Amino acid sequence: MGCIVSTWLVLRPRVLLSSLRGASVPIAVWWEHPRAEFPTRGPGGAPIAGFDLSFGKSPGLAVGRRLVAEGFREAAYLSPYHDNDWSRARLLGLREAFRPMGGEIHEYVDERFQSHWQLEQESGSIAGARRRLRRILAGFLADPGLGRIPAWVVVNDIATVEILDLLRESGRDRPRLVSFDSASASESLRFDSFEFHTDGMVRRMFHHVFHPDDRATAREPVLEMVGRLVLRS
């Protein structure tokens, strides 16, 4: 017996986990928060392990290395949800990938929102959130410097879809685009997107429940589940 827990959209995850740890059964956690905030495994407590799907630098590294391999030495990073560790981690990964070649990453970010979900909550409706998102992205596109940058990396597929729509409406050419999430929109609109290893995370979570003394989870309180870049363009 054990617990599988998601902390997605949970504002106080440590409170949730503390209430579960009294059961003294293995706990596998989809940890959607900074790693430093993960509760440590105390002596005699429930065997707890976290699994980080999207908060590490590896997605940004994978995207950056692909662009460098294609010959790009300059790219723009666009994020309307930069008040969040996962957006900042993707930017750090990009910079790390470009650094050995002396490349440059230009930031176009808005730090008022942590996610599209927060944008919807504050906008009061899905339609209102879309209008607000488009205004943020239109502000990025209004910068003439962005148009001179040949490769754009966008924080997720939701924002990429709106960027493509704004480019189409203005009659502007599409740059080299790469995104994150690998949702159905990236398939239909044919842009590359990083796919997070959700299936692997679920398998590892069940493995922890049945094998709580596994050495990997004993060494690392939070395991990063490394995904892959899906090429479509």
Side-chain angles (χ1 to χ4, degrees), residues 54-116 118-119 129-196 227-233:
S54 59
F55 268 70
K57 291 189 298 181
S58 63
L61 273 168
V63 170
R65 286 169 178 165
R66 174 67 191 188
L67 292 175
V68 167
E70 292 179 11
F72 291 100
R73 298 295 177 264
E74 186 179 17
Y77 179 68
L78 289 76
S79 175
Y81 317 114
H82 205 56
D83 184 27
N84 199 312
D85 287 277
W86 51 265
S87 177
R88 295 169 187 155
R90 291 171 196 180
L91 176 58
L92 287 173
L94 278 172
R95 286 191 169 138
E96 188 172 323
F98 271 67
R99 191 176 299 122
M101 306 302 296
E104 186 175 4
I105 303 296
H106 304 269
E107 290 182 41
Y108 291 84
V109 300
D110 190 302
E111 296 184 335
R112 291 174 292 172
F113 305 103
Q114 293 188 356
S115 64
H116 193 75
Q118 183 190 11
L119 185 59
R130 186 186 181 209
R131 287 192 296 269
R132 201 166 184 178
L133 174 60
R134 285 171 64 89
R135 284 197 298 270
I136 294 170
L137 297 174
F140 296 164
L141 296 177
D143 186 327
L146 179 58
R148 294 191 287 268
I149 301 171
W152 299 1
V153 179
V154 188
V155 73
N156 67 8
D157 288 356
I158 293 174
T160 305
V161 169
E162 297 301 339
I163 285 173
L164 285 170
D165 203 40
L166 289 166
L167 290 173
R168 179 187 56 78
E169 290 174 4
S170 61
R172 294 170 60 174
D173 292 336
R174 171 174 170 164
R176 175 71 172 95
L177 272 174
V178 190
S179 185
F180 300 86
D181 285 344
S182 193
S184 58
S186 61
E187 176 67 34
S188 59
L189 296 175
R190 309 304 299 171
F191 58 85
D192 298 347
S193 189
F194 188 89
E195 181 177 73
F196 295 101
R228 66 190 181 104
L229 180 59
V230 180
L231 302 176
R232 297 187 176 94
S233 58

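Every value quoted in this text rests on a predicted model; they were computed, and no experiment measured them.
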| note | salt bridge (charged side-chain N to carboxylate O under 4.0 Å, His left out) filter on Asp110, not counting sequence neighbours, yields Arg112

| field | Non-neighbouring partners of Asp181 that pass side chain to side chain donor-acceptor pair (under 3.5 Å), sequence neighbours left out | value | none

| message | Tell me every residue that passes side chain to side chain donor-acceptor pair (under 3.5 Å) with Ser58, counting only those two or more places apart in sequence or in another chain. | response | Glu224

| said: Restricting to salt bridge (charged side-chain N to carboxylate O under 4.0 Å, His left out), what partner residues turn up for Arg132, sequence neighbours left out? | reply: none

| Taking only residues two or more places apart in sequence, or in another chain, which ones meet Ser186 in a side chain to side chain donor-acceptor pair (under 3.5 Å)? | Arg232

| message | Would you compute the distance between atom CG of Leu141 and atom OH of Tyr108 and round it to the nearest 0.5 angstrom? | response | 10.0 Å

| Nearest atoms (heavy-atom pairs only) where Ala75 meets Leu67 | CB-CD1, 4.4 Å

| Distance-minimising heavy-atom pair for Pro80 and Phe140 | N-CE1, 4.3 Å

| task | Go through the structure and list residues passing ring pair (Phe, Tyr, Trp, His ring centres under 6.0 Å) with Phe194, not counting sequence neighbours. | result | Phe196

| Residue pairs fulfilling salt bridge (Lys or Arg N to Asp or Glu O under 4.0 Å) with at least one residue in residues 65-74, sequence neighbours excluded | Arg66-Glu70, Glu70-Arg176

| Which pairs count as side-chain hydrogen bond (donor to acceptor under 3.5 Å, both in side chains) when at least one residue sits in residues 140-156, sequence neighbours excluded? | none

Less than 3.5 Å apart, which donor and acceptor atoms pair up between the side chains of residues 90-100 and the rest of the protein, not counting sequence neighbours?
| from | atom 1 | to | atom 2 | distance (Å) |
| --- | --- | --- | --- | --- |
| Arg90 | NH1 | Val155 | O | 2.8 |
| Arg95 | NH2 | Glu107 | OE2 | 2.4 |
| Glu96 | OE1 | Lys57 | NZ | 2.7 |

| said: side chain to side chain contact (heavy atoms under 4.5 Å, CB included) for Arg134 and Asp165? Distances and angles first, verdict last. | reply: CA-CA 9 Å; Arg134 285 171 64 89; Asp165 203 40; 3.0 Å; yes

| Hey, does Asp83 have a side-chain heavy atom less than 4.5 Å from the side chain of Arg88? | yes

| task | Would you check if Pro175 and Leu167 make a side-chain contact, meaning some heavy-atom pair closer than 4.5 Å? | result | yes

| At what distance, to the nearest 0.5 angstrom, does CD of Glu195 lie from CG of Asp157? | 10.5 Å

| remark: When rounded to the nearest 0.5 Å, the distance separating CG of Leu119 from CD1 of Ile158 is 9.5 Å

| query | Among Glu111, His116, Gln118, whose side-chain contact (heavy atoms from CB on, under 4.5 Å) with Gln114 holds? | reply | Gln118

| request: Kindly compute the distance separating CG (Leu137) from CZ (Arg130), expressed to the nearest 0.5 Å. | output: 10.5 Å

| task | Rounded to the nearest 0.5 Å, what's the gap from CZ on Arg190 to CG on Leu177? Could you check? | result | 13.5 Å

| task | May I have the step-by-step check of side chain to side chain contact (heavy atoms under 4.5 Å, CB included) for Val153 and Ile105, ending in yes or no? | result | CA-CA 10 Å; Val153 179; Ile105 303 296; over 6 Å; no

| query | Under 4.5 Å between any side-chain heavy atoms of Leu133 and Tyr81, yes or no? | reply | yes

| Full working for side chain to side chain contact (heavy atoms under 4.5 Å, CB included) between Ile136 and Phe113 | CA-CA 11 Å; Ile136 294 170; Phe113 305 103; 3.9 Å; yes

| message | Using 0.5 Å steps for rounding, measure from the OG atom of Ser182 to the CG atom of Asp192. | response | 9.5 Å

| query | Are Leu189 and Thr160 close enough that some pair of their side-chain heavy atoms sits under 4.5 Å apart? | reply | no

| Between Ala159 and Val154, what is the shortest heavy-atom contact and its length? | CB-CG1, 3.7 Å

| Listed partners of Ser79 passing side chain to side chain donor-acceptor pair (under 3.5 Å), at least two apart | Ser87

| field | Those residues that, when tested against Glu104, pass salt bridge (charged side-chain N to carboxylate O under 4.0 Å, His left out) (two or more places apart) | value | none

